[in-house]
Amino acid sequence: MVLFFSATGNTEFIADNIAKDIGDESLDLLERIKRSDFSDIYSEKPFIICAPIYVCEMPRFLAAYLKKVRLLGNRLVYFVFTSGGYTGIAPVLAKRMVRKKGMIYMGRAEFKMPRNYPLSDRYRLLSDEEDMERIRASYRKIPRVEALIKKEKYLKGRHVFLFELMITLPYNPLWVRYNQPSKPFYATDKCIGCHKCEKVCPLNNIYFDDKYPKWKSSCAHCMACYSSCPKEAIEYGDKTLGKKRYRLDKYADKEGKALH
Ligand SMILES: Cc1cc2nc3c(=O)[nH]c(=O)nc-3n(C[C@H](O)[C@H](O)[C@H](O)COP(=O)(O)O)c2cc1C
């Protein structure tokens with residue numbers, strides 16, 4: 001079974017394609033995470049966990065969910081990461097998690113996908129052409145990964161160095177705590193009160209007390225609200241003004257073909 005979380009569509013694109021091609025189900029974990037639904041998940045076939053990378057690791061709320069939920073049936077666990085190009089220490093943490101569950105870690109595949117984070121001063125959003133190039137290249141890579149999974153072969157990846165762990169492990173909690181405030185989020189008067197932002201927020205961090213959404217304090221900056229808003233009414237201080245709102249399905253169809 002393919003399990004995934006995806007805020008802006010990259011991971012969903014890869015997960016759904018893998019599930020379709022290998023004839024397996026794909027399960028979007030969003031609703032389970034939102035409802036704290038930790039009921040067992042059973043699969044006859046290997047588990048394939050697909051996740052985006054946030055600040056060099058899997059989203060912390062996703063890792064916390066996966067640690068708690070029981071995965072029954074098949075004992076093999078593959079990971080598939082989508083990122084802007086650097087998956088950091090995610091493979092090491094994934095391996096550790098799987099071992100703690102008493103399951104068998106089968107390695108990971110990595111897909112370099114469009115960047116979806118408009119708030120970084122360091123990593124700019126890419127042009128539409130660059131985004132499409134990455135989507136096409138990833139689509140072409142999927143069969144190679146599937147062939148290995150079908151044969152139950154280990155997915156090899158680059159070595160994660162000790163210094164990466166030494167930097168990331170202490171740094172990440174500080175980054176997540178101090179560099180991801182949700183206070184600057186607001187909805188402009190383009191907001192139609194459709195509640196989409198509330199529905200897509202994995203942390204239930206958005207509520208409505210009048211026509212407009214409000215943000216509480218536990219935000220992972222996943223950008224699901226910002227990118228999914230049908231009226232492009234969500235902004236983050238002045239950092240997002242005039243920037244594009246990346247979501248894969250605005251650019252490509254399910255086979256990675258450009259929509260425009
Ligand atoms: C909060 C946040 C942090 C991110 N950190 C990284 C990172 O450390 N390395 C990287 O290569 N990409 C990073 N990205 C980019 C995403 O991993 C990438 O765009 C991913 O494919 C998004 O998946 P999704 O569309 O399924 O949500 C980050 C994105 C967000 C929103």
Side-chain angles (χ1 to χ4, degrees), residues 5-14 50-63 79-94 108-138 141 157-186 200-203 205 215 217-229 232 234-248 250-252:
F5 167 77
S6 181
T8 61
N10 286 346
T11 314
E12 182 173 9
F13 172 77
I14 301 291
C50 304
I53 296 295
Y54 292 175
V55 202
C56 314
E57 49 182 87
M58 235 188 292
R60 293 185 155 223
F61 61 85
L62 177 62
F79 279 83
V80 172
F81 296 125
T82 75
S83 76
Y86 179 62
T87 58
I89 63 169
V92 175
L93 300 182
R108 90 296 189 168
E110 298 180 4
F111 289 87
K112 187 169 163 181
M113 294 293 282
R115 295 184 190 146
N116 64 347
Y117 192 58
L119 308 181
S120 169
D121 298 324
R122 237 172 122 196
Y123 301 101
R124 64 173 177 87
L125 291 172
L126 303 172
S127 68
D128 293 356
E129 292 71 35
E130 288 169 307
D131 281 347
M132 270 319 301
E133 195 39 59
R134 286 186 175 204
I135 294 169
R136 280 194 214 99
S138 290
K141 181 176 167 180
R158 77 166 183 96
H159 179 72
V160 176
F161 291 95
L162 184 61
F163 77 85
E164 294 176 85
L165 285 162
M166 283 164 65
I167 294 168
T168 314
L169 284 176
Y171 171 77
N172 266 18
L174 298 174
W175 173 275
V176 169
R177 181 147 184 201
Y178 297 111
N179 261 328
Q180 297 189 329
S182 48
K183 225 172 164 190
F185 276 114
Y186 65 98
V200 297
C201 175
L203 293 168
N205 194 47
W215 281 258
S217 61
S218 73
C219 177
H221 274 195
C222 74
M223 295 294 136
C225 58
Y226 170 79
S227 302
S228 305
C229 175
E232 305 204 337
I234 296 175
E235 300 287 359
Y236 187 88
D238 58 7
K239 280 204 148 187
T240 49
L241 297 175
K243 288 193 182 164
K244 76 177 187 182
R245 289 138 206 277
Y246 175 79
R247 258 204 69 83
L248 184 137
K250 289 182 190 168
Y251 294 91

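All of these numbers come straight from a predicted model, not from anything done at the bench.
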Worksheet entry | Lys250 side-chain N/O to Arg245 backbone N/O, donor-acceptor pair under 3.5 Å | yes
Item to complete: Kindly say whether Leu126 contributes a backbone atom to a donor-acceptor pair with the side chain of Arg115 at under 3.5 angstrom?
Response: no
Worksheet item: If we only count heavy atoms from C-beta on, is the Pro91 to Phe81 side-chain gap below 4.5 Å?
Response: yes
Discussion item. Just so I know, are the side chains of Pro173 and Arg60 near enough to count as touching, which here means a heavy-atom distance under 4.5 Å?
Written reply: yes
Practice prompt. Please assess Phe61 against Ser218 for the test side-chain contact (heavy atoms from CB on, under 4.5 Å), listing each intermediate value before the final yes or no.
Written response: CA-CA 10 Å; Phe61 61 85; Ser218 73; over 6 Å; no
Worksheet item: Above 12 or not: heavy atoms from other molecules or residues under 6.0 Å from CZ of Arg158?
Response: yes
Discussion item. Using every non-hydrogen atom in the two residues, find where Cys219 and Ser182 come nearest and quote the distance to one decimal.
Written reply: CB-CB, 3.5 Å
Worksheet item: Within the side chain of Asn10, is there an N or O that forms a donor-acceptor pair under 3.5 Å with the backbone of Pro114?
Response: yes
Fill in: Side chain to side chain, Thr82 and Cys50, heavy atoms closer than 4.5 Å
no
Discussion item. I'd like to check the ring-ring contact (aromatic ring centres under 6.0 Å, His included) partners of Tyr251; sequence neighbours left out, ordered by chain and number.
Written reply: Tyr246
Worksheet item: Are any non-hydrogen side-chain atoms of Leu119 and Tyr226 less than 4.5 angstrom apart?
Response: no
Fill in: Flag, side chain of Ser138 to backbone of Lys112, donor-acceptor distance under 3.5 Å
yes
Worksheet entry | Check: Trp175 and Tyr54 side chains under 4.5 Å, non-hydrogen atoms | no
Worksheet item: Counting distance only, does the side-chain N/O of Thr87 pair as donor-acceptor with the main-chain N or O of Ala90 below 3.5 Å?
Response: no
Worksheet entry | Any side-chain heavy-atom pair of Cys222 and Pro202 under 4.5 Å | yes
Worksheet item: Would you say Ser127's side chain and Glu130's backbone share a donor-acceptor pair under 3.5 angstrom?
Response: yes
Worksheet item: What are the two closest non-hydrogen atoms of Ala7 and Arg247, and how far apart are they?
Response: O-NH1, 3.3 Å
Worksheet item: In terms of ring plane angle, is the pair Phe163 and Phe161 parallel, tilted or perpendicular, where the classes change at 30° and 60°?
Response: parallel
Worksheet item: Do you know which two heavy atoms are closest between Thr11 and Ala51, and how far apart they sit?
Response: CG2-N, 3.4 Å
Practice prompt. Take Glu235 and Tyr186, measure what side-chain contact (heavy atoms from CB on, under 4.5 Å) needs, and give me the verdict at the end.
Written response: CA-CA 6 Å; Glu235 300 287 359; Tyr186 65 98; 3.5 Å; yes
Discussion item. Could you check whether any side-chain N or O of Lys244 sits under 3.5 Å from a backbone N or O of Pro118, counting only pairs where one atom can act as donor and the other as acceptor?
Written reply: no
Worksheet entry | side chain to side chain contact (heavy atoms under 4.5 Å, CB included) involving Leu174 - partner list, sequence neighbours excluded | Tyr178
Worksheet entry | Check: Cys56 main-chain N/O paired with Asn172 side-chain donor or acceptor under 3.5 Å | no
Discussion item. Taking the ring of Phe111 and the ring of Phe13, is the distance between their centroids below 6.0 Å?
Written reply: no
Response to the item:
Residues Pro52 and Pro59: closest non-hydrogen pair is O-CD, 3.1 Å
Response to the item:
What one should report as the nearest heavy-atom pair of Ile167 and Tyr171 is O-CB, 2.9 Å
Discussion item. Side chains of Glu57 and Val92, heavy atoms from C-beta outward: is any pair under 4.5 Å?
Written reply: no
Worksheet item: Closest approach of Cys229 and Ile234, non-hydrogen atoms and distance?
Response: CB-CD1, 4.1 Å
Worksheet entry | Asp131 side chain near Asn116 side chain, heavy-atom distance below 4.5 Å | no
Worksheet entry | Tyr117 and His221: side chain donor to acceptor below 3.5 Å | yes
Practice prompt. Verify whether one side chain among Glu164 and Tyr86 offers a donor that lies under 3.5 Å from an acceptor in the other.
Written response: yes
Worksheet, complete the sentence: One should read off an interatomic distance between Leu165 CG and Leu93 CG, to the nearest 0.5 angstrom, of 7.0 Å
Worksheet item: Crowded around Lys243 NZ? As in, over 12 foreign heavy atoms under 6.0 Å?
Response: yes
